[in-house]
Number of protein chains: 2
Amino acid sequence: MNQPAPPAVVDRPVQPVAKELAASSGYLLARIGVAFKTQAVAKAEETGFELQDYGVLAILSEGVRETQATIAEALSVDPSRLVALLDALEDRGMIARQRDPHDRRRHVVSITAAGGRELGRMRKIVRAFEDEFLAPLDSDGREALHALLVALAARHDPRCCPMDVDGSL
Amino acid sequence: MNQPAPPAVVDRPVQPVAKELAASSGYLLARIGVAFKTQAVAKAEETGFELQDYGVLAILSEGVRETQATIAEALSVDPSRLVALLDALEDRGMIARQRDPHDRRRHVVSITAAGGRELGRMRKIVRAFEDEFLAPLDSDGREALHALLVALAARHDPRCCPMDVDGSL
DNA sequence: TATTGTTATACTCTATAACTATA
DNA sequence: TATAGTTATAGAGTATAACAATA
């Protein structure tokens, strides 16, 4: 799956960054975070889906949202981009849009049965990839990492922390 | 600076992502990593420099590299982009390029005294920002996080791990 | 002919703002 | 007049590939 050791380039010395940068947790965080995302996007494409679609279907599977704008905000994508994502998913029968009878400006977006099945497929692939990515860490290490990331997210990206807010979903 | 605080949106509920996503360490990693990078870039701009310049100067301050290509590879930027970065730094007198007498195709890039001073200024700002970003973690938490990130980097981005390879620098 | 650095081109991505239909 | 969703435009950023000079 990964290319942990490209055979043709065995003797390439691997150019290290400055020690000063490697010593920075923030730098590592950014670089590893980008690596995870990039590789996950690639893995998704290999397997025939767009990673962002996974996020959209995952949200919809946990309940209906008031408006498209709230979905976009949760995923931190621009509302105008979400339109394109929903268009594609609707074309493939994974989601359905219908007018909100109470406010006909709004679209009520819901996941279909086919969308639910596709979500299941995506979930398996994404989780397998994540497991592979975290392979260097044992069970305790993974638990510790998650707790630390949650602590940071609570401060810097509260949308990732479905805390004790209330039963909003 | 900011918008005059629209009073009508004080109670905006913060739209949470799917619990399924929030439970994924990889997802958190990507999202927090991106947040750190974005905010660091913004902080740098506020203070009058480009974040990537910090990376370039940091590398050069730790020794001379064989070629520009090795610098680009270490920072994982495209060689053609590095040219623009070096051009700007050279114009400002932060670095100097001179032909390698042994191979006149190559440029030996070195940091100047002014560049060193500017690096010191950048370093202070970046470290202060990182400290602020990691505020939710105590000393033990930060240490644990760093160790976990190093373990992941060793597998996924070895350039960030100046290990026991050898005295390459 | 291959490599180093550079320049130019083209492409992708995404934010901005205009537009419509409802309220 | 304001809002939800949509569409269109433009701008930034970046990879690709052509180029000139050396080897």
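Labels below follow one simple rule: chain letters A, B, ... track the order of the sequence lines, proteins then strands, and each chain is numbered from 1.
If you check D:dA15, C:dG5, C:dA23 against the side chain of B:His107, the one that comes closest is C:dG5.
With hydrogens and angles left out, the side chain of A:Arg105 and the base of D:dT3 share a donor-acceptor pair within 3.5 Å. Within 3.5 Å, no donor on the side chain of B:Arg104 pairs with an acceptor on the base of D:dT22, nor the reverse.
In this structure, A:His102 atom NE2 and C:dT22 atom P are separated by 17 Å, rounded to whole Å. Rounding to whole angstrom units, CD of residue B:Gln98 and P of C:dT4 are separated by 18 Å. In this structure, A:Leu85 places its CG atom 14 Å from C1' of D:dG5, rounding to the nearest Å. For the pair B:Arg99 CZ and C:dT3 C1', the interatomic distance rounds to 13 Å; values are reported in whole Å. Atoms CZ (A:Arg81) and C1' (D:dA8) sit 17 Å apart, rounded to a whole Å. The distance from atom CD of B:Gln68 to atom P of C:dT7 is 11 Å, rounded to the nearest whole Å. One atom, CD of A:Glu50, and another, C1' of C:dC13, lie 12 Å apart when rounded to the nearest Å. Rounding to whole angstrom units, CG of residue B:Leu82 and P of C:dT4 are separated by 14 Å.
Across all strands shown, B:Asp78 has heavy atoms under 4.0 Å from base atoms, whether or not it also approaches the sugar-phosphate.
Side-chain atoms of A:Glu20 and B:Tyr54 form a donor-acceptor pair, as typed in the model, at a separation below 3.5 Å.
In this structure, the ring of A:Phe36 has its center no less than 6.0 angstrom from the ring center of B:Tyr27.
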Trace of the side chain to side chain donor-acceptor pair (under 3.5 Å) decision for A:Arg81 with A:Gln52: CA-CA 11 Å; A:Arg81 285 197 56 213; A:Gln52 290 191 306; 2.4 Å; yes
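Residue B:Arg106 places no side-chain N or O under 4.0 Å from the OP1 or OP2 atom of C:dT6.
Separation of atoms NE2 (A:His156) and CD (B:Glu132) is listed at 8.0 Å; rounding is to 0.5 Å.
The nearest heavy atom of DNA chain C to A:Gln52 and to A:Pro101 marks one nucleotide each, and the one closer to the 5' end goes with A:Gln52. Mapped onto DNA chain C by nearest heavy atom, B:Asp87 and A:Asp100 fall at different nucleotides, with B:Asp87 at the one closer to the 5' end.
A salt bridge links A:Arg106 to A:Glu66: one of the charged nitrogens lies within less than 4.0 Å of a carboxylate oxygen.
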